[in-house]
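Right, one structure below, let's go through it.
What you see is a predicted model, and the numbers here were worked out from it, not measured in a lab. In each ligand, atom 1 is the first atom listed, and ligand 1 is the first ligand listed.
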Amino acid sequence: MIVLGIESSCDETAAAIVNDKKEILGQCLLTQLNEHKPFGGVVPEIAARSHLEHIDEIIEQTFKDAKIQPQEIDAIAAASGPGLIGGVVVGVMAAKALSLALNKPFIAVNHLEGHALAARLTGNVQYPYLLLLTSGGHCQILIVKDVGEYERLGTTIDDAAGEAFDKVSKMLGLGYPGGPIIEKMAAVGNSRRFVLPKPLFNSGDCNLSFSGLKTAVRKIIESYAPDGIIEHAIIPEQDISDICAGFQLTVTDCLCQKLDKAITIFKQHYPQGKDLVVSGGVASNTFLRNRLAALAQARGLDFSAPPIKYCTDNGVMIAWAGLERFQKGYTNTLDFKPRPRWPLDENAPKAAGAGGVKA
Ligand code: KG4
Ligand code: ZN
């Protein structure tokens with residue numbers, strides 16, 4: 001069984017072809033990073049236009065890379081939400097057109113399911129497993145029971161962790177995306193110099209909050225500006241590293257604290273479960289990965305994370321999620337409408353205190 005996957009929900013135009021032997025036959029990815037950099041974040045209109053411009057050649061390249069003919073694939077999957085709708089539409093339309101032309105089934109993949117299942121392609125992860133899904137737009141703790149079956153144990157009630165990395169980086173004038181830059185600065189910083197708040201740390205549930213942490217960092221930066229305006233702050237290099245290290249440690253402490261609670265719940269309800277998985281862009285962070293690996297070991301679980309290039313957005317995870325869906329017989333008709341909002345656990349109640357759409 002061979003599936004083509006297409007990803008275009010944020011700022012990566014990507015495609016990949018995988019088979020049911022867990023082989024990645026071909027892939028191609030184009031990042032729009034440089035197009036969005038001057039704006040300090042992803043500009044939806046620019047993203048949509050860029051996806052449109054490049055999607056055909058990305059798919060063509062993927063077939064070339066795989067050295068297979070379009071007729072040889074069995075189905076076409078596309079990330080069909082959640083995400084920036086202009087971009088999502090581009091990938092979905094391309095997939096539907098191919099589906100029609102090749103007379104092969106179309107599979108609408110939830111972008112978050114792509115992140116959630118990636119570790120099953122790259123490692124030996126069995127259902128049910130506990131998942132920390134942490135990216136630029138989402139931060140959730142879920143039990144993955146099977147393809148399409150999720151139970152959300154916790155979520156951020158405001159910013160996603162990746163969003164907090166990006167905002168802190170912007171405030172420090174370090175650029176976009178913030179995660180990799182902050183991680184690099186933090187590596188030479190003193191994480192104990194600036195003690196930052198840990199919102200919801202002792203709330204007793206598995207929910208998370210990062211907006212207060214971001215505000216605390218803002219206050220520190222303001223103290224370096226003669227007029228209190230952060231753009232005017234003059235911060236010595238070592239102090240920037242210390243702020244980054246303190247911030248990274250605090251985010252990690254919060255994620256580990258809530259995962260520790262979630263592990264207890266997971267073990268109670270699914271004693272047969274043996275895996276803790278982290279995925280999504282923030283899962284690229286080595287400091288966080290090491291802490292999660294230690295937590296898993298202490299609690300008797302196996303720790304898995306996809307290789308870093310499959311943590312951030314990519315076509316491989318969409319192709320794989322599409323393949324798992326296809327194996328179950330889940331396909332979609334061509335009138336499927338892309339979904340800008342598409343929670344993995346549709347039954348999860350709105351988290352108390354949550355204002356934004358992320359929860
Ligand atoms: O999964 P992803 O590529 O896109 C979304 O679906 O959101 O995640 C992107 C996010 C950005 O916020 C970026 O700053 C963060 O992942 N990120 C990191 C690291 N690499 C990427 N955060 C922390 N440490 C990193 N090394
Ligand atoms: Zn993503």
Side-chain angles (χ1 to χ4, degrees), residues 5-14 16 29-33 36-37 40-42 44 47 51 78-85 87-88 91 109-119 131-140 156 159-172 174-187 189 191 210 213-214 244-245 247-252 254-255 277-292 305-318 320-321 340-344 356-358:
I6 299 171
E7 162 61 39
S8 61
S9 48
C10 193
D11 57 349
E12 263 88 32
T13 318
L29 181 145
L30 183 75
T31 180
Q32 304 170 357
L33 218 60
H36 299 292
K37 237 179 199 145
V42 180
H51 286 305
S80 307
L84 301 172
I85 195 67
V88 173
V109 167
N110 183 322
H111 174 85
L112 301 174
E113 182 156 70
H115 282 303
L117 304 188
L131 170 73
L132 169 65
L133 200 169
T134 175
S135 69
H138 297 267
C139 191
Q140 305 177 4
T156 178
D159 292 348
E163 194 178 356
F165 270 95
D166 293 336
K167 286 179 178 168
V168 164
S169 176
K170 194 172 182 180
M171 287 192 283
L172 287 168
L174 295 176
Y176 175 84
I181 312 169
I182 290 188
E183 180 173 8
K184 200 163 158 233
M185 298 296 291
S191 60
F210 296 109
L213 173 57
K214 178 189 67 192
C244 289
F247 169 76
Q248 180 177 263
L249 175 69
T250 309
V251 171
T252 303
C254 291
L255 291 171
V277 173
V278 64
S279 70
V282 182
S284 318
N285 188 289
T286 307
F287 183 79
L288 173 65
R289 284 163 93 106
N290 290 343
R291 282 279 303 274
L292 291 175
I308 286 174
K309 68 173 175 172
Y310 301 132
C311 285
T312 46
D313 292 347
N314 63 86
V316 171
M317 68 182 194
I318 303 302
W320 176 254
R341 186 169 180 278
W342 188 357
L344 281 176
V357 290
K358 288 174 210 85

Q.
Is there a side-chain contact between S284 and T312 in this structure, where contact means two heavy atoms from C-beta onward sitting under 4.5 Å apart?
A. yes

Q: Go through ligand 1 atom by atom and flag the ones less than 4.0 Å from a non-hydrogen atom of G137.
A: 7 (O)

Q: Heavy-atom contacts with D313 under 4.0 Å: which atoms of ligand 1 show up? List them by number with element.
A: 1 (O), 2 (P), 3 (O), 4 (O), 5 (C), 6 (O)

Q) Are the side chains of F247 and I182 in touch, meaning some heavy atoms are under 4.5 Å apart? A) yes

Q. Would you say G281 and ligand 1 have an N/O pair spaced under 3.5 Å apart?
A. yes

Q: Please check if the side chain of S169 supplies one atom and the backbone of F165 the other of a donor-acceptor pair under 3.5 Å.
A: no

Q: Could you verify whether a donor N or O on one side chain and an acceptor N or O on the other, from N314 and E12, lie under 3.5 Å apart?
A: no

Q) What part of H115, side chain, backbone, both or neither, has a heavy atom within less than 4.0 angstrom of ligand 1? A) side chain

Q: Considering only non-hydrogen protein atoms, determine which one is nearest to atom 26 (N) of ligand 1 and report residue, atom name and distance to 0.1 Å.
A: E183 OE1, 2.7 Å

Q) Quick one: which ligand 1 atoms are inside 4.0 Å of a heavy atom on T312? A) 3 (O)

Q: Under 4.0 Å from a heavy atom of D166: give me the atoms of ligand 1 that qualify, with their elements.
A: 11 (C), 12 (O), 13 (C), 14 (O)

Q: Quick one: name the protein N/O/S atoms under 2.8 Å from the Zn ion (ligand 2), chain by chain.
A: H111 NE2, H115 NE2, D313 OD1

Q: Flag the pair L344 / L133 as yes when at least one side-chain heavy-atom distance between them is below 4.5 Å, and no otherwise.
A: yes

Q) With no hydrogens and no angle check, is any side-chain donor or acceptor of E113 less than 3.5 Å from a backbone partner on N110? A) no

Q: Would you indicate whether the side-chain heavy atoms of I181 and Y176 approach each other to under 4.5 Å?
A: no

Q) Looking only at side chains, do E7 and S9 share a donor and an acceptor under 3.5 Å apart? A) yes

Q: Give yes if a backbone or side-chain nitrogen or oxygen of F165 is under 3.5 Å from a nitrogen or oxygen of ligand 1, and no if not.
A: no

Q) atom 23 (C) of ligand 1: which protein heavy atom is closest, and how many Å away? A) G179 CA, 3.4 Å

Q. Under the 3.5 angstrom rule, does the side chain of R341 hit a backbone N or O of P82 as a donor-acceptor pair?
A. no

Q.
With a 4.0 Å cut-off on heavy atoms, is C10 in contact with ligand 1?
A. no

Q: Looking only at non-hydrogen atoms, find the nearest pair between A160 and G136 and report the distance.
A: CB-O, 3.6 Å

Q | Sub-4.0 Å atoms of ligand 1 with respect to non-hydrogen atoms of G136 | A | 5 (C), 7 (O), 8 (O), 9 (C), 10 (C), 12 (O)

Q.
Taking 4.0 Å as the limit for heavy-atom contacts, which would you say applies to H138 with ligand 1: side chain only, backbone only, both, or neither?
A. neither

Q. Atom 24 (N) of ligand 1: which protein heavy atom is closest, and how many Å away?
A. N285 ND2, 3.0 Å

Q. Going by the order shown, which atoms of ligand 1 are within less than 4.0 Å of some heavy atom of H111?
A. 6 (O)

(Q) Under a 3.5 Å cutoff, is there a donor and acceptor pairing between the side chains of T156 and Q140? (A) no

Q: May I ask you to list the atoms of ligand 1 that are less than 4.0 angstrom from any heavy atom of G178?
A: 14 (O)

Q: May I ask you to check whether G280 has an N/O atom sitting below 3.5 Å from an N/O atom of ligand 1?
A: no

**Q.** H51 (side chain) donor-acceptor with S8 (main chain) under 3.5 angstrom
**A.** yes

